[in-house]
Number of protein chains: 2
Amino acid sequence: MPDTPDMAFVAGAIADPTRGRMLMSLMRGQALTATELALDGGVTASTASSHLGRLMDAGLVSVTRQGRHRYFRIARPEVAEMLEGMANLASSSGSRITTGPRDPALRHARVCYDHLAGETAVRLLVRLREHELLIGDEDSLALSPRGETWAAALGIDLPALRTRRRILCRPCLDWSERRSHLAGSLGAAILERMVALRYVRRTSGRAIAFSENGARLIDRPDTFIRDKLVCRAV
Amino acid sequence: MPDTPDMAFVAGAIADPTRGRMLMSLMRGQALTATELALDGGVTASTASSHLGRLMDAGLVSVTRQGRHRYFRIARPEVAEMLEGMANLASSSGSRITTGPRDPALRHARVCYDHLAGETAVRLLVRLREHELLIGDEDSLALSPRGETWAAALGIDLPALRTRRRILCRPCLDWSERRSHLAGSLGAAILERMVALRYVRRTSGRAIAFSENGARLIDRPDTFIRDKLVCRAV
DNA sequence: ACCATGCTTCGGTTACCATCGAAGTATGCC
DNA sequence: GGCATACTTCGATGGTAACCGAAGCATGGT
């Protein structure tokens, strides 16, 4: 366990309502400009600039410059995971009222940093386990050999994922559904491939919409991919 | 993702060096009195009392009264996991110098909230995977059928563990070794059993010492348990 | 060159928080 | 009952941080 001063410093970066709102906006997985973050945070540009400096000092966000625009992102997946953990904790410490987004579209499907969240994401995990593409309990997941074939067929480079020091199959508690969906590097890769294949697209804001193929992949991940392979073989 | 004010409030509870030190002391897994925490935090009793109130308000610690003593603990395993994540993040954001405890005894074996940490804990995970008691990558673990038998033989009630909403096999980055050891409800249960069997005992502070049986369990988890079973069958 | 836009820096104001000593309350021991 | 210990509450003090408007700098468009 490392030094506490550093931990308090990192926690301090999160411990302000304005910076918290900024981080939540960034947790949608998209880069945002300083002006956008000022709006989301509800402060002026000068205040936002100061806050963004604090977040960068703490290593929570990184910046890319493009002309006069400054684009900010969550710095690393580990940051997103820690923020998820803290947000879940914060939520569960309070009342028992329904938590998570109120907007039905967001409850249905949204992005949680870099992977699918919402009802459809929970259902996808259920289906993957029913088809024995993922094995183990909901709290202890691993890809089966069949799952490896499935992921490769979807176009996911598993060896590349495994070179990264990041959990492959990480259950993430979906607070709106109070069940888990799939996070980790595999969860991120699945979303990435679905975007690339145009099986999903972002609607305004944070919700996600599925194409017909995307909906079928969610519902019948095994047979959907098998049908695709058969079509290619013919 | 829940509301940001709650997250900022929780982060704010951690965002003070004194409270950070208190939390780190509690991360050793033992209950501590207010006076002990005042000493560890380096403040007077009145300051400590105020800080402990803040930590309780945030749901990070809980208190048990026994006569005039107040015993504080980390409130829930989820809190410990979030603190681990944040501490690891804080450490990795900085320099590349060697992190983790300097004390060789602590590097060798210590408790990280409720499970074994240190060189021996990393070695145990390696051995469990070599013997195919745990399968999957270091970043994606699950118990094998052989592993289920092994855990039951050690005296671990797996069905009971599985009723809990908590990850069974969770890799936890051991910062002193920069490799993973086993956390999660199984990691906690293994330590609990080893304590009950007197295979390990706490030394002063945070380090842990192994009995001969404990050392053999770490080195040869499979054959050690098999030998034990054979002895019982004779 | 001029103007607009995005963003940063500066300086001032206000509110909040961490600290402690003193006093108070509850518990335990003799 | 008296004293010691553990801990909490109160009030005062000092320091820090969040906020903003104004000014300044860099980039882009005409």
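Letters A, B, ... are given to chains in the order of the sequence lines, protein chains preceding strands, and every chain is numbered from 1. Not measured: the values here are computed from a predicted model.
For B:Ala121, the side chain to side chain contact (heavy atoms under 4.5 Å, CB included) partners two or more places apart in sequence, or in a different chain, are B:Leu116, B:His181. With sequence neighbours excluded, the residues satisfying salt bridge (Lys or Arg N to Asp or Glu O under 4.0 Å) with A:Arg123 are A:Asp219. Judged as a ring pair (Phe, Tyr, Trp, His ring centres under 6.0 Å), and not counting sequence neighbours, A:Phe210 has no contacts. Listed by chain and number, the residues in a side chain to side chain contact (heavy atoms under 4.5 Å, CB included) with A:Ala45 amount to none (sequence neighbours excluded). Qualifying salt bridge (Lys or Arg N to Asp or Glu O under 4.0 Å) partners for A:Asp114, counting only residues two or more places apart in sequence or in other chains: A:Arg166. With sequence neighbours excluded, the residues satisfying side chain to side chain contact (heavy atoms under 4.5 Å, CB included) with A:Thr33 are A:Thr35, A:Glu36, A:His69, A:Tyr71. Every residue was checked against the ring pair (Phe, Tyr, Trp, His ring centres under 6.0 Å) condition with A:Phe72, not counting sequence neighbours, and none meets it.
In terms of phosphate contacts, B:Thr18 brings no side-chain nitrogen or oxygen within less than 4.0 Å of OP1 or OP2 of C:dA18.
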Could I get a table of every N or O pair under 3.5 Å where one atom is in the protein and the other is in nucleotides 27-30 of chain C?
| residue | atom | partner | partner atom | Å |
| --- | --- | --- | --- | --- |
| C:dT27 | O3' | B:Arg68 | N | 3.4 |
| C:dT27 | O2 | B:Arg68 | NH1 | 3.3 |
| C:dG28 | O4' | B:Arg68 | NH1 | 3.4 |

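Rounded to an integer number of Å, the gap from CD of A:Glu36 to P of C:dG6 is 10 Å. Summarising the geometry, the separation between CG on A:Leu52 and C1' on C:dC7 is reported as 10 Å, rounded to the nearest angstrom. Residue A:Arg65 contributes atom CZ, which lies 7 Å from atom P of C:dT8 at whole-angstrom precision. Put simply, CZ on A:Phe72 is 14 Å from P on C:dG6, counting in whole angstrom units.
Counting heavy atoms from C-beta outward, B:Leu217 and B:Leu197 have side chains that stay 4.5 Å or more apart.
For the helix from C:dA1-D:dT30 to C:dC30-D:dG1, the axis fitted to the five pairs at one end and the axis fitted to the five pairs at the other end meet at an angle of 30° (nearest 10 degrees).
For B:Arg193 (side chain) and B:Leu154 (main-chain N/O), a donor-acceptor pair under 3.5 Å exists by modelled atom type. The backbone N or O of B:His108 lies less than 3.5 Å from a partner atom in the side chain of B:Thr120, making a donor-acceptor pair. Side chain of A:Ser50 to backbone of A:Ser46: no donor-acceptor contact under 3.5 angstrom is found.
Here B:Arg54 lies out of heavy-atom contact (under 4.0 Å) with every strand.
For DNA chain D, the contact window with chain B, defined by any atom under 4.0 Å from a protein heavy atom, covers D:dA4 to D:dT9 in 5' to 3' order.
Taking a 4.0 Å limit (strictly below) on heavy-atom distances, residues 41-48 of chain B reaches DNA chain D at B:Ala45, B:Ser46.
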Determine all donor-acceptor pairs shorter than 3.5 Å in which one atom belongs to a side chain in residues 51-66 of chain B; sequence neighbours excluded.
| residue | atom | partner | partner atom | Å |
| --- | --- | --- | --- | --- |
| B:His51 | ND1 | B:Arg19 | NH1 | 2.9 |
| B:Arg54 | NH1 | B:Phe9 | O | 3.3 |
| B:Arg54 | NH2 | B:Phe9 | O | 2.9 |

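A salt bridge links B:Glu84 with B:Arg170: at least one charged nitrogen is closer than 4.0 Å to a carboxylate oxygen.
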